[in-house]
Undergrad: 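Supplied in structure tokens, the structure appears directly below.
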There are 2 protein chains.
Amino acid sequence: MLQKEVTIYDIAQKLNISSATVSRALNDDPVVSKKTRKRIFDAADEMGYRLNHFARNLRSQKTNIIGVIVPRLNSYFMSAVISGIEQVANSEGYNIIISQSAEQWDKEIANAKTMFNNRVDGLLVSLAYDTKNIAHFEPFFKRNIPVIFFDRVEEHNSSTNVLIDNKRAAYEATKHLIEEGCKRIVHITAIPKRNVYTDRLAGYKLALAEHKIKFKEEYVVISNLGQEDGAKAAEKILHMQPLPDGVFVANDNCAVGCMVALKKAGIRIPQDIAFVGFNNDPVATVVEPNLTTVNYPGYQIGAVAARNLINHLKGAPMYTTDSIILKSELIIRNSSKKSAS
Amino acid sequence: MLQKEVTIYDIAQKLNISSATVSRALNDDPVVSKKTRKRIFDAADEMGYRLNHFARNLRSQKTNIIGVIVPRLNSYFMSAVISGIEQVANSEGYNIIISQSAEQWDKEIANAKTMFNNRVDGLLVSLAYDTKNIAHFEPFFKRNIPVIFFDRVEEHNSSTNVLIDNKRAAYEATKHLIEEGCKRIVHITAIPKRNVYTDRLAGYKLALAEHKIKFKEEYVVISNLGQEDGAKAAEKILHMQPLPDGVFVANDNCAVGCMVALKKAGIRIPQDIAFVGFNNDPVATVVEPNLTTVNYPGYQIGAVAARNLINHLKGAPMYTTDSIILKSELIIRNSSKKSAS
DNA sequence: TTATAGATTGTAACCGATTGCAAATCTTTT
DNA sequence: AAAAGATTTGCAATCGGTTACAATCTATAA
């Protein structure tokens with residue numbers, strides 16, 4: 001037996017007052033006397049009243065929903081990000097709806113449209129591989145709906161970015177390899193279209209240049225950065241003459257896949273080839289030797305992005321922050337300790 | 001310059017027809033003539049009309065939102081599940097909102113309440129460790145809002161469960177260890193409150209019994225199943241006399257943590273101790289030796305659960321399915337091949 | 001030509017809240 | 001006791017759709 005929904009009208013009728021007063025009381029409007037206020041709350045409790053968000057949203061033109069668009073959900077990093085977003089959003093009374101672009105520009109466009117039609121109050125986005133421009137977010141900008149990009153970002157004067165200093169992190173990683181004695185350093189990365197990859201590539205080049213090591217195009221291996229792609233990259237590396245003595249990979253999963261394949265081929269790590277990854281995925285402490293990597297704090301990225309978005313929604317002006325750079329650091333483990341071994 | 005929202009009234013006015021006709025046309029009601037229909041769609045496009053979900057929801061009392069409550073988001077398995085849910089839901093025009101219980105009963109109760117107040121059309125739930133009963137879902141049952149449990153389930157006559165046959169999977173896993181020659185098999189698991197753990201324990205016991213191996217309470221190690229908990233479990237194992245010769249872990253992450261710690265202590269795997277895990281997390285192919293494990297198809301679990309829920313929402317009666325058991329299988333890798341080594 | 005069924009469109013109530021403005025009630029002051 | 005001011009409360013419009021029912025139009029048959 002389905003009980004009918006209780007509305008403010010039912011409460012009003014029962015107490016013989018107007019629905020306006022009930023509405024005000026339930027919204028803690030101080031104009032309502034404590035006495036009626038109490039009567040209303042008691043009645044609401046007793047009758048099992050619950051707010052109808054649609055009626056409210058319809059009136060207030062707000063949804064209390066934050067949209068999240070990510071390339072993929074199935075990585076440790078992204079899970080951590082989402083976890084951070086959810087935590088903050090939830091604590092502030094916002095709900096999140098999530099969709100995946102599967103790294104495809106057109107799906108991202110479709111997702112953005114859906115989010116727009118769902119009238120999200122704000123949007124958190126990590127761009128797909130494929131995305132050539134961000135015109136599909138124009139409707140949001142036009143309506144002053146805040147959009148924050150994280151991790152995979154694009155510059156836009158009416159949005160904030162949340163990320164780490166990829167160039168510097170990559171620089172540190174590469175420099176570390178050089179200091180461990182590496183001279184022929186391969187960089188495995190994705191097609192450098194997105195900031196995360198171009199910046200890491202730039203950091204890699206900078207470190208080389210600073211140590212007077214000539215950059216070689218053939219040392220940049222383009223890959224999809226999955227674990228299995230790491231194995232494919234290993235193939236390529238094994239065919240290089242002379243063999244590289246260090247590898248900096250833009251992602252731990254791929255690094256690990258590559259290490260496993262190289263080890264199978266008899267390469268010793270780090271003696272023959274030293275490795276540095278990126279992200280500090282838990283798998284870094286499982287592979288042998290443990291992987292030196294850049295700690296990329298996913299949970300915090302998500303939490304900060306969400307916090308910032310909500311601040312905007314609550315009135316903080318957009319221009320106060322342009323981009324937010326979180327700390328990252330190199331965690332040195334055995335995969336790169338050439339000198340000590 | 002914020003452009004104002006276009007409503008069906010604007011379209012109606014412009015075309016000099018009634019809003020009712022506009023509404024019908026936009027909803028593909030065949031009663032509207034093709035001619036007016038076309039005029040309406042053209043005008044809607046041109047004017048940049050977008051549906052107001054709240055107005056519709058307010059009227060139709062439907063939200064097209066599916067709620068998802070999970071213990072944690074940060075595991076590969078759960079990411080895969082969410083990915084599956086999102087895919088199916090999206091393709092059917094549903095949105096999902098996600099919240100985490102952080103393995104706590106009270107947070108789960110709060111989440112359920114939020115979902116209820118958000119008037120989700122249906123709910124997908126994986127229960128927290130902690131959850132002692134599912135009374136907090138009664139409001140859903142009472143209102144005939146479908147609830148589907150997956151992975152961590154509880155029996156209830158008005159809900160469907162989606163999961164694998166944990167008992168059988170555990171039985172196969174343990175049997176495999178026995179057939180590889182193990183006699184003293186440890187089982188690392190969580191406090192057996194949830195089905196997944198009790199069932200796996202039962203499967204473990206069954207396999208032992210069937211092979212006339214006496215069950216020993218002290219061989220069941222209770223843990224939180226994180227990677228670091230695996231290391232703690234390794235401690236305990238190292239203190240056992242005589243040393244066990246096989247370990248069946250209820251989760252790959254923990255198995256891996258345990259293996260790494262044991263190896264550090266000089267234990268050879270699988271020669272001294274053979275390992276079988278659970279889930280087929282990607283890390284299973286990174287650890288050395290590669291981990292034998294039960295393949296638990298997360299993506300499919302999510303997709304099937306979502307598909308089923310949506311079928312219910314579209315009218316399929318609830319009683320047609322009571323629980324859905326997906327296939328799982330043992331993937332044998334080197335961590336358990338005692339006989340071959 | 002007219003009755004009639006069938007196709008199309010319009011009218012208006014309804015979903016459940018919010019809120020500006022007016023009205024009523026209660027206090028305080030003279 | 002009446003006037004003025006401060007508190008509370010109520011009225012009614014509004015948000016943007018949906019849909020039962022009535023009204024109108026069109027085409028075909030008698």
Side-chain angles (χ1 to χ4, degrees), chain A residues 2-44 47-65 93 116-121 143, chain B residues 2-44 47-65 93 116-121 143:
Chain A
L2 306 180
Q3 60 209 77
K4 265 237 311 290
E5 287 292 343
V6 178
T7 71
I8 54 170
Y9 300 104
D10 300 325
I11 299 179
Q13 189 168 38
K14 169 160 179 177
L15 299 183
N16 232 323
I17 56 182
S18 82
S19 63
T21 303
V22 175
S23 171
R24 284 194 268 260
L26 292 174
N27 285 295
D28 283 329
D29 188 326
V31 84
V32 178
S33 71
K34 299 125 238 88
K35 218 174 69 185
T36 23
R37 194 191 123 93
K38 173 149 178 30
R39 289 176 64 217
I40 290 171
F41 270 87
D42 288 348
M47 303 169 71
Y49 168 80
R50 59 174 183 160
L51 171 68
N52 186 319
H53 289 254
F54 312 125
R56 163 181 285 179
N57 291 340
L58 177 58
R59 196 74 235 285
S60 66
Q61 307 284 33
K62 293 243 162 302
T63 64
N64 265 43
I65 292 179
F116 187 66
N117 288 335
N118 273 294
R119 286 173 161 74
V120 295
D121 285 349
R143 274 206 174 69
Chain B
L2 304 181
Q3 60 209 76
K4 264 240 307 296
E5 287 291 344
V6 177
T7 71
I8 55 170
Y9 299 105
D10 300 325
I11 299 179
Q13 190 168 37
K14 170 158 181 182
L15 299 182
N16 233 320
I17 56 181
S18 82
S19 65
T21 302
V22 176
S23 171
R24 283 194 271 258
L26 293 174
N27 284 293
D28 283 330
D29 189 326
V31 84
V32 178
S33 70
K34 299 123 237 93
K35 217 174 72 186
T36 18
R37 194 191 123 95
K38 173 148 178 36
R39 289 178 62 216
I40 291 171
F41 271 87
D42 288 349
M47 303 169 73
Y49 168 80
R50 60 175 181 159
L51 171 68
N52 187 319
H53 289 253
F54 315 125
R56 163 182 284 180
N57 292 341
L58 177 58
R59 195 72 236 281
S60 66
Q61 308 284 34
K62 293 246 164 297
T63 65
N64 264 43
I65 292 179
F116 187 67
N117 288 335
N118 273 293
R119 286 171 163 76
V120 295
D121 285 348
R143 274 204 173 69

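These numbers were taken from a predicted model, which means no experiment stands behind them. Values below: every heavy atom of this structure, side chains too, minus hydrogens, waters and symmetry copies. By convention in this document, chain letters (A, B, ...) are assigned in the order of the sequence lines, proteins followed by strands, and residues within each chain are numbered from 1.
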Undergrad: Of all residues at least two apart in sequence or in a different chain, which pass the salt bridge (Lys or Arg N to Asp or Glu O under 4.0 Å) check with Lys62(A)?
TA: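 Salt bridge (Lys or Arg N to Asp or Glu O under 4.0 Å) list for Lys62(A), sorted by chain: empty.
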
Undergrad: Quick one: closest heavy-atom pair of Gly93(A) and Asn64(A), and the distance?
TA: O-ND2, 3.0 Å

Undergrad: Please determine, for the side chain of Arg59(B), which listed nucleotide (dT19(C), dC11(D), dG17(D)) has the closest atom?
TA: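 That would be dG17(D).
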
Undergrad: May I ask you to say what Arg50(B) touches in the nucleic acid, namely base, sugar-phosphate or nothing, with a heavy-atom cut-off under 4.0 Å?
TA: sugar-phosphate

Undergrad: Can you find a side chain N or O atom of Tyr49(A) that sits less than 4.0 Å from OP1 or OP2 on dA17(C)?
TA: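 Tyr49(A) to dA17(C) OP1/OP2: side-chain N or O found under 4.0 Å.
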
Undergrad: Would you kindly give the CG-to-P distance between Asp10(A) and dC14(C), to the nearest whole Å?
TA: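 After rounding, the gap between these two atoms is 15 Å.
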
Undergrad: Going from CD1 on Ile8(B) to OG on Ser23(B), what distance comes out if it is rounded to the nearest 0.5 angstrom?
TA: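 Answer rounded to 0.5 Å: 5.0 Å.
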
Undergrad: Could you state the interatomic distance from CG (Asp10(B)) to OG (Ser19(B)), rounded to the nearest 0.5 Å?
TA: 11.0 Å

Undergrad: Provide, to the nearest angstrom, the distance between the CG atom belonging to Asp28(A) and the P atom belonging to dT18(C).
TA: 12 Å

Undergrad: To the nearest angstrom, how far is Asn57(A) atom CG from dA17(C) atom C1'?
TA: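 In whole Å, dA17(C) C1' and Asn57(A) CG are 10 Å from each other.
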
Undergrad: Quick check on the helix from dT1(C)-dA30(D) to dT30(C)-dA1(D): what's the angle between its two end axes, five base pairs per end, to the nearest 10°?
TA: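 The value is 60°.
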
Undergrad: Please step through side-chain contact (heavy atoms from CB on, under 4.5 Å) for the pair Asn117(A) and Leu51(B), ending with a clear verdict.
TA: CA-CA 7 Å; Asn117(A) 288 335; Leu51(B) 171 68; over 6 Å; no

Undergrad: Across the strands shown, which category fits Asn27(A) at heavy-atom distances under 4.0 angstrom: base, sugar-phosphate, nothing?
TA: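 The answer is sugar-phosphate, as Asn27(A) gets under 4.0 Å only of primed atoms, P, OP1 or OP2.
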
Undergrad: Nearest to the side chain of Ala20(B), which nucleotide is it out of dG10(C), dG17(D), dT18(C)?
TA: dG10(C)

Undergrad: Can you find a side chain N or O atom of Gln61(B) that sits less than 4.0 Å from OP1 or OP2 on dT18(D)?
TA: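 For dT18(D), OP1/OP2 do not have a side-chain N/O of Gln61(B) under 4.0 Å.
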
Undergrad: Taking atom P of dT9(C) as reference, at what distance in whole Å does atom CD1 of Ile11(B) sit?
TA: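 Going from Ile11(B) (CD1) to dT9(C) (P), I get 15 Å.
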
Undergrad: Between the protein and nucleotides 21-25 of chain C, are there any N/O to N/O pairs under 3.5 Å, and if so, what are the atom names and distances?
TA:
none

Undergrad: If you look at every strand shown and take non-hydrogen atoms under 4.0 Å, does Ser23(B) touch a base, only sugar-phosphate, or nothing?
TA: base

Undergrad: Using a cut-off of less than 4.0 Å, is there contact between a side-chain N or O of Thr7(B) and OP1 or OP2 of dG16(D)?
TA: no

Undergrad: How far does OG of Ser33(B) sit from CD1 of Ile40(B), to the nearest 0.5 angstrom?
TA: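 The distance works out to 8.0 Å.
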
Undergrad: Which residue pairs satisfy the salt bridge (Lys or Arg N to Asp or Glu O under 4.0 Å) criterion with at least one member in residues 13-33 of chain B, sequence neighbours excluded?
TA: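 Applying salt bridge (Lys or Arg N to Asp or Glu O under 4.0 Å) to every pair that reaches into residues 13-33 of chain B, excluding sequence neighbours, yields Lys14(B)-Glu46(B), Asp28(B)-Arg37(B).
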
Undergrad: Distance from Thr21(B) atom OG1 to Leu26(B) atom CG, nearest 0.5 Å?
TA: 10.5 Å

Undergrad: Mind listing the residues from residues 30-42 of chain A sitting with a heavy atom below 4.0 Å of DNA chain D? Number order is fine.
TA: Val31(A), Val32(A), Ser33(A), Lys34(A), Thr36(A)

Undergrad: Report the distance from atom CG of Asp121(A) to atom CZ of Arg119(A), rounding to the nearest 0.5 Å.
TA: 11.5 Å

Undergrad: CD of Gln13(B) versus C1' of dG16(D): gap in Å, rounded?
TA: 15 Å

Undergrad: Of all the nucleotides listed (dC15(D), dC15(C), dT18(D)), which has the minimum atom distance to the side chain of Leu58(A)?
TA: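 Given the options dC15(D), dC15(C), dT18(D), the side chain of Leu58(A) is closest to dC15(D).
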
Undergrad: Which heavy-atom pair separates Leu15(A) from Ala43(A) by the least distance, and what is that distance?
TA: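 Closest heavy-atom pair between Leu15(A) and Ala43(A): CD1-CB, 4.1 Å.
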
Undergrad: Nearest 0.5 Å please: distance from the CD1 atom of Ile11(A) over to the CG atom of Asn16(A).
TA: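 Here the rounded value is 14.0 Å.
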
Undergrad: By the side chain to side chain donor-acceptor pair (under 3.5 Å) test, which pairs, at least two apart or in different chains, include something from residues 51-61 of chain B?
TA: Asn27(B)-Arg56(B)

Undergrad: Please work out if Phe54(B) contacts a base, only the sugar-phosphate, or nothing of the nucleic acid, heavy-atom cut-off 4.0 Å.
TA: nothing

Undergrad: Please give, in whole Å, the distance from dA13(D) C1' to Tyr9(B) OH?
TA: 14 Å

Undergrad: For Ile8(A) and dC15(D), what is the distance between atoms CD1 and P respectively, to the nearest whole Å?
TA: 17 Å

Undergrad: Just the rounded figure in Å: distance from C1' of dT9(C) to CG of Asp29(B).
TA: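 Nearest whole value for this atom pair: 11 Å.
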
Undergrad: State which of dG10(D), dG16(D), dA17(C) makes the closest approach to the side chain of Thr21(A).
TA: dG10(D)

Undergrad: Give me the atom names and distance for the closest heavy-atom approach of Ser18(B) to Ala12(B).
TA: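 Shortest heavy-atom separation between Ser18(B) and Ala12(B) comes out as C-CB, 3.7 Å.
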
